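Please read these numbers as outputs of a predicted model, since none were measured by experiment. Heavy-atom basis, side chains included; hydrogens, waters and symmetry copies ignored.
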Amino acid sequence: MATTRSAHTVWEGTLLEGSGVVAFDSSGAIDRQPVSWPSRAEQANGKTSPEELIAAAHSSCFSMAFSNILTKAGTAPTRLVTSADVTFQPGEGITGVHLSVEGTVPGIDNDAFVAAAEDAKVNCPVSQALKAVPITLSAKLV
């Protein structure tokens with residue numbers, strides 16, 4: 001069964017001087033978040049950006065996919081800690097994503113861990129949606 005999740009942004013003003021508020025309509029789990037051009041292209045200063053939202057989506061999606069791949073292989077993870085760094089270059093757009101994962105997975109060696117992480121990197125739905133940008137990965141068994 002397909003699901004749809006929704007958010008909306010109310011933006012006021014010009015790109016450079018204006019600002020907006022992002023609302024997470026589907027769940028309401030996250031309070032409305034302020035967003036602005038400076039928070040995207042310069043310093044965050046307590047505001048979010050589209051790239052930070054993509055990073056949150058990508059790190060959580062990758063973690064779910066990776067957990068599923070490991071579990072199906074008979075080596076369920078105890079813990080996965082994933083970060084995603086989304087790089088934005090004004091004038092160019094999103095130029096890359098770097099995923100970094102550290103995992104505690106009983107019964108697996110480092111080569112199998114890295115191979116499963118690569119599989120998750122390529123096949124998680126957010127990675128699939130971001131095919132237009134390079135996605136790199138660092139994976140470490142702890």
Side-chain angles (χ1 to χ4, degrees), residues 1-13 15-16 18-142:
M1 177 162 105
T3 59
T4 301
R5 300 293 183 253
S6 301
H8 78 273
T9 300
V10 176
W11 186 268
E12 296 178 348
L15 173 63
L16 299 179
S19 64
V21 177
V22 179
F24 300 85
D25 300 331
S26 300
S27 67
I30 302 170
D31 288 338
R32 293 172 184 254
Q33 296 295 312
V35 63
S36 68
W37 178 256
S39 70
R40 183 177 196 183
E42 298 166 15
Q43 295 297 315
N45 293 323
K47 296 178 181 166
T48 194
S49 68
E51 291 72 30
E52 184 176 41
L53 298 171
I54 290 169
H58 205 176
S59 67
S60 60
C61 183
F62 172 88
S63 294
M64 287 185 246
F66 192 21
S67 176
N68 189 46
I69 289 166
L70 291 166
T71 301
K72 285 183 174 182
T75 53
T78 302
R79 180 179 168 98
L80 299 172
V81 178
T82 305
S83 63
D85 298 314
V86 177
T87 302
F88 174 73
Q89 178 65 45
E92 291 180 48
I94 295 173
T95 58
V97 178
H98 181 72
L99 296 169
S100 179
V101 62
E102 290 186 354
T104 304
V105 184
I108 194 171
D109 65 25
N110 193 63
D111 289 344
F113 180 81
V114 171
E118 286 288 344
D119 185 10
K121 178 192 85 166
V122 171
N123 292 304
C124 92
V126 173
S127 290
Q128 290 291 307
L130 295 174
K131 282 184 177 180
V133 298
I135 301 171
T136 56
L137 173 70
S138 299
K140 179 181 174 185
L141 193 57
V142 291

**Student:** Crowded around Gln128 CD? As in, over 12 foreign heavy atoms under 6.0 Å?
**Tutor:**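 Yes, enclosed.
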**Student:** Could you check Lys47 against Gln33 for side chain to side chain contact (heavy atoms under 4.5 Å, CB included), going step by step and ending with a plain yes or no?
**Tutor:** CA-CA 7 Å; Lys47 296 178 181 166; Gln33 296 295 312; over 6 Å; no
**Student:** To check you understand the geometry: which heavy-atom pair defines the closest contact between Ser60 and Ala57, and what is its length?
**Tutor:**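 Nearest heavy atoms, Ser60 then Ala57: OG-O, 3.1 Å.
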**Student:** Is there a side chain to side chain contact (heavy atoms under 4.5 Å, CB included) between Val35 and Arg40 once you walk through the steps?
**Tutor:** CA-CA 8 Å; Val35 63; Arg40 183 177 196 183; 5.9 Å; no
**Student:** What distance do Lys72 atom NZ and Ser67 atom OG have between them, rounded to the nearest 0.5 Å?
**Tutor:**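 Atom-to-atom, Lys72:NZ and Ser67:OG are 11.0 Å apart.
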**Student:** If you measure from CG on Leu70 to CZ on Phe113, what distance do you get to the nearest 0.5 Å?
**Tutor:**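 Going from the CG atom of Leu70 to the CZ atom of Phe113 covers 7.0 Å.
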**Student:** Could you measure the distance from the OG atom of Ser49 to the CD1 atom of Ile54? Nearest 0.5 Å is fine.
**Tutor:**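 Going from OG on Ser49 over to CD1 on Ile54, the span is 8.0 Å.
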**Student:** What I'd like to find out is whether the side chain of Val105 reaches to under 4.5 Å of the side chain of Thr78, using heavy atoms alone.
**Tutor:**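 Side chain of Val105 against side chain of Thr78, heavy atoms only: no contact under 4.5 Å found.
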**Student:** Identify the two heavy atoms, one from His98 and one from Thr136, that lie closest to each other, and give their separation to 0.1 Å.
**Tutor:**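 Residues His98 and Thr136, closest heavy atoms: ND1-OG1, 2.6 Å.
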**Student:** Phe24 ring centre to Arg32 NZ or CZ under 6.0 Å, with the angle to the axis within 45°?
**Tutor:**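 Geometry flag: not set, cation outside 6.0 Å or 45°.
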**Student:** Whether the side chain of Lys121 engages the backbone of Ile135 through a donor-acceptor N/O pair (distance < 3.5 Å, no angle test) should be reported.
**Tutor:**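 Yes; at least one donor-acceptor contact below 3.5 Å.
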**Student:** Start with the C-alpha gap between Cys124 and Met64, add the side-chain angles, then the distance that decides, and say whether side chain to side chain contact (heavy atoms under 4.5 Å, CB included) holds.
**Tutor:** CA-CA 8 Å; Cys124 92; Met64 287 185 246; over 6 Å; no
**Student:** Say whether, by atom type as modelled, one donor and one acceptor occur between the side chain of Ser26 and the main chain of Ser6 under 3.5 angstrom.
**Tutor:**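 Yes: the side chain of Ser26 pairs with the backbone of Ser6.
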**Student:** Quick one: pull up CD in Glu118 and CZ in Phe66 and give me the separation to the nearest 0.5 Å.
**Tutor:**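 It is 9.5 Å, given to the nearest 0.5 Å.
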**Student:** Quiz question: by atom type and distance under 3.5 Å, do the side chains of Thr82 and Ser59 form a donor-acceptor pair?
**Tutor:**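 There is no such pair between these side chains.
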**Student:** Is a side-chain N or O of Glu102 found less than 3.5 angstrom from the main chain of Ser100, in a donor-acceptor match?
**Tutor:**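 Side chain of Glu102 to backbone of Ser100: no pair is present.
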**Student:** Taking side chain as C-beta onward, heavy atoms only, is Ile108 less than 4.5 Å from Leu141?
**Tutor:**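 Result yes, sub-4.5 Å side-chain heavy-atom pair found.
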**Student:** Would you confirm whether Asn123, through its side chain, and Asp119, through its main-chain N or O, come within 3.5 Å as a donor-acceptor pair?
**Tutor:**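 Flag set: sc Asn123 to bb Asp119 pair under 3.5 Å.
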**Student:** With sequence neighbours left out, write down each residue that passes side chain to side chain donor-acceptor pair (under 3.5 Å) with His8, or none if nothing qualifies.
**Tutor:**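 His8 satisfies side chain to side chain donor-acceptor pair (under 3.5 Å) with Asp25 once adjacent residues are dropped.
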**Student:** Is it the case that the side chain of Ser27 and the backbone of Ala29 share a donor-acceptor pair, with hydrogens and angles ignored and the cut-off at 3.5 Å?
**Tutor:**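 Yes: the side chain of Ser27 pairs with the backbone of Ala29.
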**Student:** If every non-hydrogen atom of Leu80 is compared with every non-hydrogen atom of Gly103, which pair is closest and at what distance?
**Tutor:**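 Minimum heavy-atom separation between Leu80 and Gly103: CD2-CA, 3.9 Å.
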**Student:** Determine the minimum heavy-atom distance between Val101 and Ala117, stating which atoms define it.
**Tutor:**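 Smallest heavy-atom distance, with atoms named: CG1-CB, 4.4 Å.
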**Student:** Which is it for Leu137 and Phe62 under the side chain to side chain contact (heavy atoms under 4.5 Å, CB included) test, yes or no, and what are the steps along the way?
**Tutor:** CA-CA 11 Å; Leu137 173 70; Phe62 172 88; 4.0 Å; yes
**Student:** Is the side chain of Trp37 donor-acceptor paired with the backbone N or O of Ser39 at a distance under 3.5 Å, no angle test?
**Tutor:**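 Here the side-chain-to-backbone pair does not exist.
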**Student:** Can you confirm whether more than 12 heavy atoms, excluding those of Gln89, are under 6.0 Å from its CD atom?
**Tutor:**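 Correct, the count exceeds 12.
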**Student:** In this structure, which one of Leu130, Val97, Thr95, Val133 forms a side-chain contact (heavy atoms from CB on, under 4.5 Å) with Val86?
**Tutor:**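 Between Val86 and the candidates, side-chain contact (heavy atoms from CB on, under 4.5 Å) is satisfied uniquely by Val97.
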